[in-house]
Amino acid sequence: MSEATHIPVIDISTPSPNVAQQVLTAAKTHGFLFIQNDGVTIPPQDIEDMFHLSKKYFHQPREAKAEFAIHSENAGGINRGWVSMQGESLDPQGQKDGKEAFNIAPSTPSTPLQPLPKILAQSSPLISRFQTQCHALCTSILDLLGTALDVPDPTYFSSRHDRARGSSGSIFRLLYYPETGTSGSGNEKKTEHGGGDGDGGESQIRAGAHSDYGSLTLLFRLPGQPGLELLSLSNTATAEKTWVPVPVNPAPATLSTPPILVNIGDLLSFWTNGLLKSTVHRVTSTSSTTTSSTERYSIAYFCHPLDHIQLDAVPSAVIQEYGESKKGEEELAGQRKRLGMGEGEGAVLTAKQHLDRRLKVTYGL
Ligand SMILES: O=C(O)CCC(=O)C(=O)O
Ligand SMILES: [Fe+2]
């Protein structure tokens with residue numbers, strides 16, 4: 001990875017203005033940062049158990065998984081349940097993704113977990129606990145951003161994500177990228193797609209190029225299962241971009257458990273006038289020289305503000321100034337266009353409207 005895209009590993013276990021600045025700098029520069037796992041907020045044992053559960057779930061026969069198909073009543077409605085192999089394209093202009101997924105909406109004190117297939121239901125306490133832990137980490141990161149952005153109330157962002165106060169678009173997602181190049185995987189063909197963005201090689205797209213929709217995404221991956229790449233500026237003069245791999249553990253000699261990867265989503269970028277970057281990323285096969293790749297698992301927590309939260313001006317001089325700069329204006333015009341908002345349309349969106357527009361523009365939902 002070139003120095004320009006060196007994603008820092010940040011230890012936030014003792015929050016301070018300096019730590020807050022480190023988080024802000026990474027969010028402004030790369031839109032990606034690693035958080036050192038303190039072993040407490042999200043215990044490594046729970047991460048391991050979640051991966052174990054995910055493996056057990058996805059290794060079931062197709063028919064068992066189809067009972068809880070995404071958006072079905074069985075699965076508890078819209079955006080919940082199982083996404084089949086090639087069942088979605090994260091890049092609407094690209095090919096179908098070579099992956100399966102299972103979406104679980106977070107439980108709250110007033111809403112229990114959605115109906116789950118038996119294997120997952122048996123581990124409901126682990127799933128609920130894991131979601132709560134993920135949300136707690138998001139809260140800490142949002143508070144650090146509030147501090148570094150000099151918002152008078154540093155909990156400005158996090159209080160607007162308070163799960164006890166209502167529903168949100170937050171979603172917890174188990175992801176499975178089946179082995180390819182062998183019979184029965186359902187995704188045998190190696191494709192030519194994806195080599196044209198500067199990496200020069202042939203690679204198979206397992207999850208198409210996209211940016212995430214919400215405020216923050218936490219991503220858990222397993223050592224020995226690389227494949228995530230982000231689109232990074234490689235030449236400022238020509239604005240040329242290139243795909244850069246994101247290691248699972250950037251410092252295995254010093255970090256016994258992989259740090260947690262965090263990235264900024266479109267909503268938080270929009271809310272901060274484009275100051276925080278929502279960076280395009282994708283998942284490719286592990287090898288650019290062979291036709292097969294081994295199975296891969298990841299787990300994502302997509303954190304969203306409460307549905308009713310208005311994404312209006314954040315009381316931060318840094319954000320306001322950025323919005324008035326040429327770069328900020330360009331950034332916002334691009335985001336508005338992507339959201340299908342007319343030029344000069346100054347309407348304030350709620351978090352739910354933002355998500356609905358983003359889904360509508362991307363999927364025509
Ligand atoms: O599986 C991964 O490593 C990334 C998945 C991803 O970017 C997503 O689901 O939004
Ligand atoms: Fe993503």
Side-chain angles (χ1 to χ4, degrees), residues 1 7 27 30-35 47 50-51 54-55 57-58 70 79-105 131 134 138 169-180 187 194 203-232 243-250 258-269 276-286 293-304 338 355 358-359 362-363:
M1 180 177 304
I7 301 169
H30 310 296
F32 272 81
L33 52 135
F34 284 110
I35 298 291
I47 299 175
M50 271 313 309
F51 273 114
S54 177
K55 198 167 191 168
Y57 169 73
F58 285 113
I70 186 95
N79 209 23
R80 288 143 198 231
W82 179 63
V83 179
S84 65
M85 185 68 180
Q86 318 230 320
E88 69 178 24
S89 315
L90 280 176
D91 174 1
Q93 266 93 53
Q95 62 184 90
K96 301 270 187 215
D97 293 345
K99 67 164 202 274
E100 294 182 30
F102 196 95
N103 283 6
I104 309 174
Q131 291 177 335
C134 285
C138 290
S170 293
I171 201 91
F172 178 63
R173 184 167 235 209
L174 305 177
L175 286 144
Y176 169 51
Y177 302 83
E179 184 177 7
T180 57
N187 188 31
S203 54
Q204 182 180 344
I205 305 299
R206 298 180 115 178
H210 68 282
S211 50
D212 294 345
Y213 301 164
S215 17
L216 295 176
T217 303
L218 305 187
L219 189 68
F220 302 86
R221 294 168 299 154
L222 290 170
Q225 298 187 3
L228 180 68
E229 299 174 343
L230 62 80
L231 193 57
S232 167
W243 288 106
V244 178
V246 185
V248 174
N249 187 346
I260 299 153
L261 188 65
V262 179
N263 65 286
I264 306 294
D266 293 342
L267 184 147
L268 192 54
S269 181
L276 306 189
K277 301 288 178 276
S278 177
T279 301
V280 171
H281 51 282
R282 68 179 188 182
V283 180
T284 67
S285 62
T286 47
S293 59
T294 50
E295 65 173 13
R296 178 181 187 274
Y297 292 84
S298 65
I299 297 173
Y301 183 72
F302 300 101
C303 190
H304 288 248
R338 198 158 52 158
L355 177 61
R358 191 71 180 75
L359 291 170
T362 312
Y363 297 113

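Read the numbers this way: they start at 1 and go in the same order the structure lists the ligands and their atoms. Note that the structure is predicted; figures quoted are calculated from it, not measured.
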Ligand 1-proximal atoms of [X], by part, heavy-atom distance under 4.0 Å:
X	value
Ser298	side chain
Lys99	neither
Thr217	neither
His281	side chain

Under-4.0 Å salt bridge between Arg358 and Asp266:
yes
If the Fe ion (ligand 2) is the vertex, what is the angle to NE2 of His281 and NE2 of His210, rounded to 10 degrees?
90°
With a 4.5 Å limit on heavy-atom distance, are the side chains of [X] and [Y] in contact?
X	Y	result
Ile264	Leu216	yes
Leu228	Leu219	yes
Val83	Asp97	no

Give the minimum heavy-atom separation between Phe172 and Gln131, together with the two atoms involved.
CB-NE2, 3.5 Å
If every non-hydrogen atom of Tyr176 is compared with every non-hydrogen atom of Pro178, which pair is closest and at what distance?
O-CD, 3.5 Å
Heavy-atom nearest option to atom 6 (C) of ligand 1, drawn from Arg206, Glu88, His210, Glu229:
His210
Nearest protein heavy atom with distance in Å, relative to atom 3 (O) of ligand 1
Arg296 NH2, 2.8 Å
the protein heavy atom lying closest to atom 5 (C) of ligand 1 turns out to be Tyr177 OH, 3.6 Å
Residues Asn263 and His30: side-chain donor-acceptor under 3.5 angstrom
no
Please could you name the atoms of ligand 1 that Val283 approaches to less than 4.0 Å, counting only its heavy atoms?
1 (O), 2 (C), 3 (O), 4 (C)
Atom indices of ligand 1 within 4.0 angstrom of Phe302 heavy atoms, with elements:
8 (C), 9 (O), 10 (O)
Which word best sums up how the rings of Phe58 and Tyr297 line up, parallel for under 30°, tilted for 30 to 60°, or perpendicular for over 60°?
tilted
What N/O/S atom of Asp212 gets nearest to the Fe ion (ligand 2)?
OD1
